[in-house]
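What follows is a set of notes on a single structure, which appears directly below.
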Amino acid sequence: MTSIVRNQWYVAAYGREIGRDLFSRTICGESILFWRTEAGAVTAMSDRCVHRRFPLAEKPSHLVGDTVVCGYHGFTYGADGVCVAVPGQTRVPRTARLRSYPVVEQDSFVWVFIGDTVLSSSVPVPRAPWLARDGWTTVSGREPLAARASLLVDNLMDLSHETYLHGGYIGTPEVAETPITTEVDDEAGVVRVSRRMADAACPPFYANSTGLTGRITRWQDIEYRPPCLYTLHSRIAPAGVLPNDDGTDPDAFHVEVVYAITPETEHSTHDFWAVARDFALDDQGVSDFLAESNRTVVLQDVTALDVLERVIAAESDGYQELSINIDTGGLAARRMIARLAAAADPAPAGR
């Protein structure tokens, strides 16, 4: 049984990654070709020529205007994936067409719909507006993960591991010591986990970016929209400083940590990460520090999860997993993903 939830939008790339060069990425087990038309629109289609399956992202395949010319035998495709020319004959076979994927470019991401294309208009594209909003500055990246996507979800839903895995960067003792609250909104399709620390040490990640010293009030409010988008709303302020009664919060620093969790295959994942902030907007030093620090934290997770994937893959069936209070968010996420998978249309994609 597949672990990949279909009939969903997944992040395929950052918009900056796609231009007039042919670009391929495997998403949910499907090799997809991306490129921009001369008007700048992103197009996505199968990265395999219908003739002899030559990958269209491989040279000498190339673009001519808004058509892709296969570098093996010259089959030529329009931006909709339909073949418009074949070698040695004027008639183009009716079945000579590549699968075309719905795409949406927003919030700096390029989203692709995997599954039945007829359903794409009825499934909302998740939003991460801080990544492209005035008044915010963002750093971002992507790391390959040689582990199944569900392990990254478990990791992100339980941030107590920051104390142990990310000490010296983002973790402090208070993260593991502070209880969490968990809320499941089945109607909206959201799992929320909150950890609010009233008096905590300020880790280097925040001390060096905000300039705060001493003890801090630190809030971690997670919103996860299965299966693909995770946001950590972080609030950092001097200890005892709370938002105003009207909801304004001028004395705090706010960071939105966004992860787009995109399965590459059943056992590998694209780990897209972004850190948006509402302070020091034009300070390149802060941007460089946050980019380097967050990538270090992500790579610490990648190393641990790659090990965990190998361990799980070698286990016999029926292993009984132990869960405790800190796992309530992750377990709720698993249940919601399982419901999405069970509800998925089993009919062939794009029918």
(message) Between E143 and R295 (side chain of the first, backbone of the second, donor and acceptor by atom type, cut-off under 3.5 Å), is there such a pair?
(response) no
(message) Within this structure, what is the CG-CE distance for the pair D186 and M336, rounded to the nearest 0.5 Å?
(response) 4.5 Å
(message) Has T43 got a side-chain atom pairing as donor or acceptor with A79's backbone, closer than 3.5 angstrom?
(response) yes
(message) With rounding to the nearest 0.5 angstrom, report the CD1 to CD1 distance, I236 to I216.
(response) 6.5 Å
(request) Indicate the atoms forming the closest heavy-atom contact of V191 with G329, along with that distance. (result) CG1-O, 3.8 Å
(request) Using a 4.5 Å cut-off on heavy atoms from C-beta on, say whether the side chain of V125 contacts that of F113. (result) no
(message) Out of the candidates V123, I114, T117, V118, only one should pair with P102 under the side chain to side chain contact (heavy atoms under 4.5 Å, CB included) rule; please name it.
(response) T117
(request) Decide yes or no for P126 and F109: does some side-chain heavy atom of the first lie under 4.5 Å from some side-chain heavy atom of the second? (result) no
(request) Measure from the side-chain N and O atoms of T182 to the backbone N and O of V193, and report whether any donor-acceptor pair falls under 3.5 Å. (result) no
(request) Measure the spacing between CG of L229 and CD of E223 and express it to the nearest 0.5 Å. (result) 9.5 Å
(request) Report yes if the side chains of V139 and V275 come closer than 4.5 Å at any heavy-atom pair, otherwise no. (result) yes
(request) Report yes or no: do L119 and V104 belong to one cluster of Ile/Leu/Val/Met/Phe/Trp/Tyr joined by side chain heavy-atom distances under 4.5 Å? (result) yes
(request) Treating Ile, Leu, Val, Met, Phe, Trp and Tyr as nodes and any side-chain heavy-atom pair under 4.5 angstrom as an edge, say whether V190 and Y10 lie in one connected cluster. (result) no
(request) Kindly work out whether a path of hydrophobic side-chain contacts (I/L/V/M/F/W/Y, heavy atoms less than 4.5 Å apart) joins V184 to L232. (result) yes
(message) Testing the basics here: between S61 and G71, what is the closest heavy-atom pair and its distance to 0.1 Å?
(response) OG-N, 2.7 Å
(message) Just checking N244: does its CG atom have more than 12 heavy atoms from other residues, nucleotides or ligands closer to it than 6.0 angstrom?
(response) yes
(request) For Q300 and Y169, test the side chains for any donor-to-acceptor distance below 3.5 angstrom and give the result as yes or no. (result) no
(message) Does E105 form a salt bridge (charged side-chain N to carboxylate O under 4.0 Å, His left out) with R36? I'd like the steps, not just the answer.
(response) CA-CA 11 Å; E105 185 172 8; R36 289 188 187 272; 2.8 Å; yes
(message) I need the single residue from S24, P55, S46 that forms a side chain to side chain contact (heavy atoms under 4.5 Å, CB included) with S31. Which is it?
(response) S24
(message) Are F272 and Y259 an aromatic pair, judged by ring center distance below 6.0 Å?
(response) no
(message) What verdict does the side-chain contact (heavy atoms from CB on, under 4.5 Å) test give for W130 and H254, after you've listed the backbone C-alpha separation in whole Å, the side-chain angles of each residue and the deciding distance to 0.1 Å?
(response) CA-CA 11 Å; W130 315 274; H254 303 93; over 6 Å; no
(message) Evaluate T328 against I180 for side-chain contact (heavy atoms from CB on, under 4.5 Å), listing each step before the verdict.
(response) CA-CA 9 Å; T328 55; I180 61 170; 3.6 Å; yes
(message) Applying side-chain contact (heavy atoms from CB on, under 4.5 Å) to D301 and H166, what does each step give before you reach the verdict?
(response) CA-CA 9 Å; D301 284 334; H166 306 312; 2.9 Å; yes
(request) Determine whether L331 and R334 make a side-chain contact, defined as any pair of heavy atoms from C-beta on separated by less than 4.5 Å. (result) yes
(request) Could you tell me whether D221 and R192 have a side-chain N and a carboxylate O separated by less than 4.0 Å? (result) no
(request) Return yes if some donor-acceptor pair links the side-chain N/O of D306 with the main-chain N/O of T303 below 3.5 Å, else return no. (result) no
(request) Can you see which heavy atom on F54 is nearest to which on K59, and at what distance? (result) CZ-O, 4.0 Å
(message) For R20 versus G65, what's the shortest heavy-atom pair and its separation?
(response) NH2-O, 2.7 Å
(message) Could you check whether any side-chain N or O of T217 sits under 3.5 Å from a backbone N or O of A198, counting only pairs where one atom can act as donor and the other as acceptor?
(response) yes
(message) Please give the remaining members of the hydrophobic cluster of L22, linking ILVMFWY side chains under 4.5 Å, ordered by chain and number.
(response) L33, W35, M45, V50, L56, L63, V68, F75, Y77, V86, V92, L98
(message) Looking at every non-hydrogen atom in both residues, tell me the closest pair between R97 and R94 and how far apart they are.
(response) NE-O, 4.0 Å
(message) Counting C-beta onward and ignoring hydrogens, is there a side-chain heavy-atom pair between T269 and L305 closer than 4.5 Å?
(response) no
(message) Rounded at 0.5 Å granularity, tell me how far SG in C202 sits from CZ in R215.
(response) 10.0 Å
(request) For the residue pair R25 and D47, establish whether any side-chain heavy-atom pair is separated by less than 4.5 Å. (result) no
(request) Using a cut-off of 6.0 Å, state whether more than 12 heavy atoms not belonging to Y72 lie near its atom OH. (result) no
(request) Kindly indicate, with the supporting measurements, whether the criterion side-chain hydrogen bond (donor to acceptor under 3.5 Å, both in side chains) is fulfilled by R133 and T138. (result) CA-CA 9 Å; R133 177 181 286 173; T138 301; over 6 Å; no
(request) Determine whether more than 12 heavy atoms belonging to other residues, nucleotides or ligands lie under 6.0 Å from atom CG of D245. (result) no
(message) Do Y224 and I326 land in one hydrophobic cluster if side-chain heavy atoms of ILVMFWY residues count as linked below 4.5 Å?
(response) no
(message) When you compare the side chains of R16 and S140, does any donor N or O come within less than 3.5 Å of an acceptor on the partner?
(response) yes
(request) Mind running side-chain contact (heavy atoms from CB on, under 4.5 Å) on S120 and W9 for me, showing each step along the way? (result) CA-CA 8 Å; S120 62; W9 292 95; 3.9 Å; yes
(message) Hydrophobic cluster membership, with links at side-chain heavy-atom distances under 4.5 Å among I/L/V/M/F/W/Y: are L165 and F205 in one?
(response) no
(message) Looking at D116 and N7, would you say the former's side chain and the latter's main chain have a donor-acceptor pair under 3.5 Å?
(response) no
(message) Nearest 0.5 angstrom please: R277 CZ to L290 CG, how far?
(response) 5.5 Å
(message) Side chains of L340 and P226, heavy atoms from C-beta outward: is any pair under 4.5 Å?
(response) yes
(request) Verify whether one side chain among D158 and S160 offers a donor that lies under 3.5 Å from an acceptor in the other. (result) yes
(request) Taking atom types as modelled, find out whether E264 and T26 have a side-chain donor-acceptor pair closer than 3.5 angstrom. (result) no
(request) Output yes when E162 and R195 qualify as a salt bridge under the 4.0 Å nitrogen-oxygen rule, no when they do not. (result) no
(message) Is it the case that the side chain of E266 and the backbone of S3 share a donor-acceptor pair, with hydrogens and angles ignored and the cut-off at 3.5 Å?
(response) yes
(request) Any chance you could measure N155, atom CG, to Y230, atom OH, to the nearest 0.5 Å? (result) 8.0 Å
(request) Answer whether the closest heavy-atom distance between the side chains of V175 and T172 falls below 4.5 Å. (result) yes
(request) For E17, look at atom CD and say whether over 12 heavy atoms of other residues, nucleotides or ligands are found less than 6.0 Å away. (result) yes
(message) Give me the atom names and distance for the closest heavy-atom approach of M197 to W219.
(response) N-CD1, 4.3 Å
